[in-house]
Amino acid sequence: MALPVPLIVASGEPGNVEFSDDQGKPLPLDQVALRVIGRLPLSRGGKNHLAQLVDLWRSKLDTDAPAEIPHEMVGMPDSRAKVLEWLVLQLTKAQQQGAQRSTRFMRELGLLRQQHEEIQASFQNLEQFVYRHGPQQRKLETTLSPVSGQLPITLRNGSRLVQRLPGSSVGLSDIAIQISNETPPAQGVLSVSLLSPDTNETLAIWEVQAARLTQGWLRFSLDRALGPDTISLMLNVAYQGRDTVRLASAVQHPEPRFHPDVDGQSIETLPALQIWRWIAGARAPISANAFLQVGGKNRLRRVERDMLATAINLDTLNDTVPLFQSGDALLVHVAPAHTACGILAGLALPGVQQVFATLQTRHAEAPRVEYQLALLPQKQRPHHPGRLPAFDPALSSGWISLQPEEEGQAHVLLPRPLDSLHDIYLMTRLPRGMSSNHYGWSTFSNICLQF
């Protein structure tokens with residue numbers, strides 16, 4: 001026949017058909033299905049054999065078998081021309097069907113892209129709504145608390161600590177270490193980075209100036225939680241500067257691969273750590289006291305419960321203002337004869353453009369209460385208890401009067417971003433002519449700072 005197409009030979013029993021190319025190389029059925037144009041019987045026995053392949057095609061590939069070249073064409077004097085004509089017709093038909101399939105696939109691909117864009121837009125809108133309005137907070141998952149009596153891990157100038165992080169990387173959003181220094185170093189920088197040895201990629205870098213290295217937790221936040229793909233994570237802490245930085249120590253880990261490496265030497269004691277998580281790949285407001293990664297977008301910060309609990313009572317400058325019983329709000333209980341005030345120290349960072357808070361008196365029998373939110377430079381904080389400072393009207397919300405259980409908001413819209421640390425003052429008072437503060441459970445909640 002001398003046909004300009006390669007041949008595939010079908011041989012064997014009907015229940016165990018084997019295929020091979022014209023060189024005798026075996027071919028799997030899926031490759032045969034991709035390459036075959038038609039079935040050509042070379043004898044009456046071959047015609048019966050190829051007819052039995054119809055059931056094989058339907059059972060294995062769930063499709064019709066390729067068309068068969070009429071047997072009569074083979075025995076004719078001009079059989080080659082007839083077979084070539086048949087092949088041209090089949091190839092033309094296959095090309096037309098392929099073009100139709102390509103057109104249909106392109107149309108379906110366009111619809112899939114449109115649906116994907118709509119899903120992405122819907123998710124972004126949902127994420128933005130939850131980001132702005134949802135009662136959401138990054139979740140503290142793991143805490144390796146400092147162990148009493150353990151010697152701290154000391155970092156000198158040029159020292160470096162490398163720690164493999166426990167747990168999964170999915171959704172990791174914040175990491176904290178605890179500083180044991182009672183007084184900060186005179187000068188220096190603590191550099192913290194998060195990297196993955198699996199991808200050899202640095203995921204985030206944070207830098208903390210020496211003046212911020214005081215006793216307590218240092219929290220490092222990612223602008224967006226890590227994605228759904230699991231990777232190994234290493235925390236790298238390096239110090240350059242005068243004096244030393246001491247990191248609080250936690251438990252001794254029995255597994256060597258989790259032992260921290262300090263200046264090339266492995267130690268058994270882990271540094272005290274905290275790990276937060278959020279929805280994988282999604283954004284959440286950053287804690288007001290957290291350090292943002294280098295290059296991160298400082299959009300919105302939220303004052304979380306642990307920071308609310310540190311609010312200073314202006315009446316004593318020693319005590320803290322209590323939280324409301326639900327724990328989600330600060331209770332600045334309205335006073336009968338003067339202005340009650342709580343101070344959130346140094347939470348308004350440079351770059352803040354707006355501060356707002358939700359206000360509510362949480363009892364139906366409470367009096368009408370007036371609320372005010374104001375900012376004051378940290379260096380101007382009063383040194384005498386009960387002395388309310390004079391606030392710049394541009395840094396104050398003004399007094400807002402609310403009925404019992406009525407929810408409101410106080411906003412401080414700054415004419416220009418802050419250039420220094422400011423304290424946040426939360427104040428309540430009774431309207432003029434009123435003296436009873438019974439059930440005056442006046443609260444501030446959802447305190448946020450917009451950058």
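Source: prediction; values computed, not measured.
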**Student:** Mind listing the closest non-hydrogen atom pair of Ala357 and Phe444 along with its distance?
**Tutor:** CB-CD2, 4.4 Å
**Student:** Walk me through whether Asp223 and Lys297 qualify under salt bridge (charged side-chain N to carboxylate O under 4.0 Å, His left out).
**Tutor:** CA-CA 7 Å; Asp223 182 49; Lys297 296 181 179 179; over 6 Å; no
**Student:** Determine yes or no for a side-chain-to-main-chain donor-acceptor pair under 3.5 angstrom, with Arg242 supplying the side chain and Pro185 the backbone.
**Tutor:** no
**Student:** Mark yes when over 12 heavy atoms from residues, nucleotides or ligands other than Phe451 sit less than 6.0 Å from its CZ; otherwise mark no.
**Tutor:** yes
**Student:** Mind listing the closest non-hydrogen atom pair of Leu375 and Ile424 along with its distance?
**Tutor:** CD2-CG1, 3.7 Å
**Student:** Answer yes if the side chains of Thr316 and Asn318 hold a donor-acceptor pair under 3.5 Å, and no otherwise.
**Tutor:** no
**Student:** Evaluate side-chain contact (heavy atoms from CB on, under 4.5 Å) for Val208 paired with Val189, printing each intermediate quantity in order.
**Tutor:** CA-CA 6 Å; Val208 183; Val189 175; over 6 Å; no
**Student:** Just to verify, which of Val412, Ile400, Leu359 counts as forming a side chain to side chain contact (heavy atoms under 4.5 Å, CB included) with Leu373?
**Tutor:** Val412
**Student:** Checking the side chain of Asp174 only, and the main-chain atoms of Gln274 only, is there a donor and an acceptor separated by less than 3.5 Å?
**Tutor:** no
**Student:** Enumerate donor-acceptor pairs with a distance under 3.5 Å from any side-chain N or O in residues 95-112 to protein atoms, sequence neighbours excluded.
**Tutor:**
| from | atom 1 | to | atom 2 | distance (Å) |
| --- | --- | --- | --- | --- |
| Ser102 | OG | Gly98 | O | 2.9 |
| Thr103 | OG1 | Ala99 | O | 2.9 |

**Student:** Check whether any side-chain N or O of Arg301 sits under 3.5 Å from a backbone N or O of Ala290 as a donor-acceptor pair, and report yes or no.
**Tutor:** yes
**Student:** Is it true that a side-chain atom of His363 and a backbone atom of Gly440 form a donor plus acceptor pair closer than 3.5 Å?
**Tutor:** no
**Student:** How far apart are the closest heavy atoms of Gln215 and Glu182, and which atoms are they?
**Tutor:** OE1-CG, 4.3 Å
**Student:** Evaluate the side-chain contact (heavy atoms from CB on, under 4.5 Å) criterion for residues Ile177 and Leu190: first the C-alpha distance (whole Å), next the side-chain angles of each, then the deciding distance (0.1 Å), finally the verdict.
**Tutor:** CA-CA 12 Å; Ile177 57 176; Leu190 187 73; 4.3 Å; yes
**Student:** So, the side chain of His253 versus the backbone of Val251: is there a donor-acceptor pair under 3.5 Å, distance only?
**Tutor:** no
**Student:** Ser397 and Tyr371: side-chain donor and acceptor closer than 3.5 Å?
**Tutor:** no
**Student:** Within the 3.5 Å criterion, strictly below it, is a donor on Arg138 or Ser287 matched to an acceptor on the partner's side chain?
**Tutor:** no
**Student:** Donor-acceptor pair, distance only, cut-off 3.5 Å: does the side chain of Ser249 make one with the backbone of Leu151?
**Tutor:** yes
**Student:** Side chain of Glu18, backbone of Ala10: donor and acceptor closer than 3.5 Å?
**Tutor:** no
**Student:** Please check if the number of heavy atoms outside Arg224 that lie under 6.0 Å from its CZ is greater than 12.
**Tutor:** yes
**Student:** Going by the salt bridge (Lys or Arg N to Asp or Glu O under 4.0 Å) test, which pairs reach into residues 377-400, not counting sequence neighbours?
**Tutor:** Arg381-Asp423
**Student:** Could Arg164 and Glu255 be called an ion pair, given the rule that one side-chain N must be under 4.0 Å from one carboxylate O?
**Tutor:** no
**Student:** Would the distance check show the side chain of Trp441 and the main-chain N or O of Leu331 forming a donor-acceptor pair, the cut-off being under 3.5 Å?
**Tutor:** no
**Student:** Could you report the tightest heavy-atom contact between Pro322 and Leu330, atom names first, then the distance?
**Tutor:** O-CD1, 3.7 Å
**Student:** Using modelled atom types and a 3.5 Å cut-off, is there a donor and acceptor pairing between side-chain atoms of Asn236 and backbone atoms of Ser193?
**Tutor:** no
**Student:** Taking 4.0 angstrom as the limit, do Asp263 and Arg156 come out as a salt bridge?
**Tutor:** no
**Student:** Can you see which heavy atom on Thr428 is nearest to which on Val332, and at what distance?
**Tutor:** OG1-O, 3.0 Å
**Student:** Which atoms form the tightest heavy-atom contact between Trp278 and Arg283, and what is the distance?
**Tutor:** NE1-O, 3.2 Å
**Student:** With a cut-off of 6.0 Å (strictly less than), are more than 12 heavy atoms of other residues, nucleotides or ligands near CG of Asp30?
**Tutor:** yes
**Student:** Is a donor on one side and an acceptor on the other found under 3.5 Å between the side chain of Thr202 and the backbone of Ala204?
**Tutor:** no
**Student:** Ser445 and Gln360: side-chain donor and acceptor closer than 3.5 Å?
**Tutor:** no
**Student:** Using ring pair (Phe, Tyr, Trp, His ring centres under 6.0 Å) as the criterion, list what pairs up with Phe220, not counting sequence neighbours.
**Tutor:** Trp206, Phe291
